[in-house]
Amino acid sequence: MPKPLAAARLAIKALAALGVAAYAAAALVTVGDVLGRQVGLPIIGVVDLVQLFVMAGTWLVMPHAFLAAAHVGVDFLISRLPRRARHALHVMAALVALVLLALMLWQGFATFETRTMFGDSSQQLGIPIAWYWYPLLLGLGLCLPGVMLWLVAALREASDE
Amino acid sequence: MSDAWLGLIGFAAALALIALGLPVAIAMAAVGLLGYWWLEGWFSTAFVLGSSPFESIFPYSFSVIPLFVLMGAFASHAGLSRSLFTAINAFIGHRRGGLAVTTVGASALFGAICGSSLATVATIGRVALPEMRRHGYDDSLSTATVAAGGTLGVLIPPSVLLVIYGLLTQSSIGALFVGALLPGLLGAGLYALAVLGRVWADPDIAPRSERHGWAARLTSLGRVWPVAALFALVIGGIYAGLFSPTEAAAVGAVGAFLLALLSGELNRGALHDAVFETAGLTGMIFFILIGAAFFNFFLEETGLPRLLIAWIEAAGLSPLAVLALILLFYVVLGCFMDSMSMILLTVPLLAPVAQEIGFDLVWFGILVVTVAEIGLITPPIGLNLFVVQAAAGDVSQTTVIRGILPFILADILRLVLLVAFPALVLWLPDLM
Amino acid sequence: ETTLKVSHFLPSVHGIHQDFIVPWTEAVTECTGGEVQFDISPAGTQLGNVARQQEQVMAGVVDIAHGLHGIPRGRFPRSSLIDMPFLTDDAGAATHALWSLLPETLAEEYEGLKVLALHAHNGGLVHTQGTKVETMEDLEGLRIRTPSPAISSMLEYLGAVPQGLPPGEVYENLQRDVIDGTVFPWDPVASFGLNEVLDYHLEAGVYTVSFFFVMNERSYAALSPEAQSCIDENSGDNLVPKFADWWDKWDAPGREGAVEAGHEITTLSDEERARWRETLAPMMEAYLAEVEAAGVENAREIYEMMQEKIAEYEAANG
Ligand code: NA
Ligand code: NA
């Protein structure tokens, strides 16, 4: 595997671990609030925090999910096609995904700019909305090399015939 | 060509792309965006592209998805769920299909905690699939059982879907909750029969294990307490008012982690697997939700759902025929939409129709919610089917679909019973 | 023939959809002799997200939108000052204040938009289960669901524990005793079925929440002069005065439901009201300072003008 792609794979794994840590943080802050309010020490704005952690977690795990769950789909037709057609379809799927993610990243960035320009912030704590967007942009950005890995695999498979 | 036709073509195109092996989320997103672009132009499409990836994850109520998945991953990798299934196996493993029937029961029980079908499938899937495989069950039986079991939870309170239906139709949420109880249990019972029927027809898919003596049974029971404690904590906490159903997912995740730590089985390898499974599964569920959002922007714009409803209304059919058409309509729509979007989009249009015919709105609501959930397990596109495939890791969609038919038949039977005997729904609320 | 897209965030059974938006579109369609048609997306549709109304009408994804000034927070800092506690408990007065301040004072918040109407709901109440609230002391330690930062901060000053929650989750949290109460006007009490899970209602009239009904300026400019005048005839000064009665009508089912269920409805006494105001004085001060710091230099001045307009309305309408 070419070096940059190997590095991408490693980064994607590290990010996924960080994402699950963010989920854990969402769980902990909720449990902290549940316990704290029994003794009159609630965590103010816990909903804002949970949304932040879940948002961050989800986008950080997304590139890994792309690699890990690329197989989820309907296979009864494709598995009956000739090998050549099958490989061509795999390449096409990766290309469609690539274009889609690039469009999402591009327009996601535009939306991020609009919302930060308005100074949007979370409902209770007033956390700048940008913090909810950084993981999205990072995650979407890293989905691109994730799908490239996928494309490389599909192309290699196609050329192996 | 009217836009509604375009909606139908969109359905067909998405199906074709999925049949050609495109991942579901990508196929729905691609068709949805192209269709929306065609109808609304680039600027509106750009708005959707920029905002939906954010809005599909942002709602607070969605936090239950990753947190219950996390709970399931800890429970399964620390061997907590294995001890549960070992115990159940010791008691009923000598009966064919016992573990699958147990999985149905576990799904219904989990429904008392969780209001999300997808989260239930992901959680129970993580717990039950490896155990059934260990005991030699066929993948088509085990995955289909888990996928179908996930639909039981909406009828067992807490249920966001019923709350939303109540708001939309101004019917009593309390009555809906109570009225859903018997149909929910009926659903679980019929699923158990579906398992037994399948196993009776094809005994090889669920091998019997040897009969265990009482000593072995009691020993196995001794190891079950962590899982029992976890369930007691989560369900007890909700019903005692210590935390809300949404917060329960967080309590469950932290509880499962602590129990896993106590059990001593949470070594590096188990932790590693739990983390990366959670990452893969939740990422995939949310990406499907994003793809569905893109597709739904398009579908709404075509006006297809509204047109179909207007058509049902205008056809001048008998009440029973109208009801049958409405139910069919939901099954078809369920191919693409999640049940929440379906209820929100269609109930305001359909409830007046139902009311005019003279249907009881609580009874109608239970029917609608039931049938909306069936869409999650009907091929070619059922979100539960995809989630269970992801949870299983190495099972093909064909295998899942092969096993699902008996459960769909069970659901149809349930609908027929609810239509024939409205008292199944209305008896308990009338006692209130 | 033109089809204009209208979006809002309320379910299609709500009075805002049935009494206001649908009849408004029908009136415009009729006035234009069918030239202008409408396509309405309420809550539950992809365009029905409460936080996106302003954005989608600005971007031209829809032509007309009805949304909340306060969500997302900070988009309409001037107009949102009407949401401050104790300005008025009367939808008519608050609506009048907003509308009469629009041209001179608030207009800059609506650049690129044609404002068809602004309005605000009747004073919100404190609804509780289990504990009856009559005084500040009764609120001590109660977990109360809050709709906005201003109300959160108010509840904290009064001794309660504010809990942010989406409106759709209030029922289940009350049912499970996770929260003790909620602040809401009467209207959502009926539409969210909350009379099933509440016991007491304190008519405190301490806050309001405000709404905008706006059109994309480019969409407006693209219409024929006849169609434009049809929109104008049905909007602004001809639309805004209707909200006082509408809000009374929309609130009625919630109150009736509570009476039917045998709940106790109390009105905040004048002395207690004065105590609350006094306790909240530092909070209001801090809140205004915060709005000023966020770039609205004349926040205090706007606040005072709102008070004047409200007094003016109350004097005229008894
Ligand atoms: Na449930
Ligand atoms: Na389906």
Side-chain angles (χ1 to χ4, degrees), chain A residues 13 16-17 19-21 23-24 26-31 33-34 38 47 50-51 53-55 57-79 86 89-90 92-93 96-97 99-100 103-104 106-112 114-115 132-133 136 140, chain B residues 17-27 29-30 33 46-54 57-60 62-63 65-67 69-70 237 242-243 247 249-251 253-254 257 274-276 278-284 286-288 290 379-381 386-387 389-390 394 396-398 401:
Chain A
K13 272 203 103 172
V20 176
Y23 288 151
L28 286 174
V29 67
T30 304
V31 171
D33 180 54
V34 166
Q38 303 302 322
V47 171
V50 168
Q51 284 180 299
F53 289 138
V54 168
M55 196 69 172
T58 301
W59 283 104
L60 296 181
V61 304
M62 203 63 96
H64 172 76
F66 253 91
L67 282 182
H71 67 283
V72 171
V74 177
D75 46 11
F76 50 78
L77 184 66
I78 195 169
S79 57
R86 208 157 65 210
L89 285 170
H90 283 160
M92 181 194 80
V96 172
V99 171
L100 191 70
L103 285 171
M104 280 164 66
W106 172 33
Q107 287 308 316
F109 189 74
T111 309
F112 157 79
T114 311
R115 297 202 184 158
Y132 293 73
W133 277 88
L136 186 153
L140 261 182
Chain B
L17 285 181
I18 288 168
L20 288 177
L22 230 64
V24 181
I26 306 270
L33 287 169
F47 177 87
V48 171
L49 269 168
S51 59
S52 285
F54 186 94
I57 297 164
F58 188 70
Y60 173 60
F62 287 177
S63 63
I65 294 175
L67 298 187
V69 170
L70 199 56
L242 292 176
F243 41 80
E247 292 165 335
V251 175
V254 172
F257 176 74
V275 164
F276 286 101
T278 304
L281 197 48
T282 48
M284 197 217 61
F286 276 116
F287 205 76
I288 287 186
I290 294 170
I381 301 179
F386 295 117
V387 173
Q389 189 194 353
D394 54 356
S396 80
Q397 184 63 212
T398 319
I401 292 174

Heavy atoms only: give me the nearest [X]-[Y] pair and the separation to one decimal.
| X | Y | answer |
| --- | --- | --- |
| Val275(B) | Ala17(A) | CG1-CA, 4.0 Å |
| Gly280(B) | Ala65(A) | O-CB, 3.5 Å |
| Phe287(B) | Met104(A) | CE1-CE, 4.0 Å |
| Val31(A) | Ala250(B) | CG2-O, 3.8 Å |
| Ala279(B) | His64(A) | CB-CD2, 3.7 Å |
| Val54(A) | Ser63(B) | CG2-CB, 3.8 Å |

Is chain B contacted by the side chain of [X], its backbone, both, or neither, given a heavy-atom distance below 4.5 Å?
| X | answer |
| --- | --- |
| Val47(A) | both |
| Leu136(A) | side chain |
| Ala97(A) | both |
| Tyr132(A) | both |

What distance do [X] atom [atom1] and [Y] atom [atom2] have between them, rounded to the nearest 0.5 Å?
| X | Y | atom1 | atom2 | answer |
| --- | --- | --- | --- | --- |
| Phe66(A) | Ile26(B) | CZ | CD1 | 4.0 Å |
| Leu22(B) | Leu89(A) | CG | CG | 8.5 Å |
| Arg86(A) | Leu20(B) | CZ | CG | 13.5 Å |

Do Thr30(A) and Val251(B) have side-chain heavy atoms sitting under 4.5 Å apart?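 Heavy-atom side-chain distance check fails, nothing below 4.5 Å.
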So Phe54(B) and Trp133(A), would you call those rings parallel, tilted or perpendicular, with 30° and 60° as cut-offs?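 Parallel, since the angle between the ring planes stays under 30°.
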Under 4.5 Å heavy-atom distance to chain A, tell me which part of [X] shows up: side chain, backbone, both or neither.
| X | result |
| --- | --- |
| Ile290(B) | side chain |
| Leu242(B) | both |
| Ala46(B) | both |
| Leu70(B) | side chain |
| Leu33(B) | side chain |

Report the C-alpha separation of Val254(B) and Leu28(A) in whole Å, then their side-chain angles, then the decisive distance to 0.1 Å, and conclude whether the side chain to side chain contact (heavy atoms under 4.5 Å, CB included) test is met. CA-CA 7 Å; Val254(B) 172; Leu28(A) 286 174; 4.0 Å; yes
In terms of heavy-atom pairs under 4.5 Å with chain A, which of Phe257(B), Phe62(B), Phe47(B), Phe286(B) leads?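 Option with the top pair count is Phe286(B).
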Contact leader toward chain A among Ser51(B), Pro53(B), Ala27(B), where contacts are heavy-atom pairs under 4.5 Å: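 Heavy-atom pairs under 4.5 Å are most numerous for Pro53(B).
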Assess the residue pair Tyr23(A) and Val69(B) against the criterion (side chain to side chain contact (heavy atoms under 4.5 Å, CB included)); give the C-alpha distance rounded to whole Å, side-chain angles, the decisive distance to 0.1 Å, and a yes or no. CA-CA 10 Å; Tyr23(A) 288 151; Val69(B) 170; over 6 Å; no
Relative to chain B, which of Gln51(A), Met62(A), Gln38(A) shows the most heavy atom pairs under 4.5 Å?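 Ranked by heavy-atom pairs under 4.5 Å with chain B, first place is Gln51(A).
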Test side chain to side chain contact (heavy atoms under 4.5 Å, CB included) on Gln107(A) and Val48(B) and set out the steps. CA-CA 9 Å; Gln107(A) 287 308 316; Val48(B) 171; over 6 Å; no
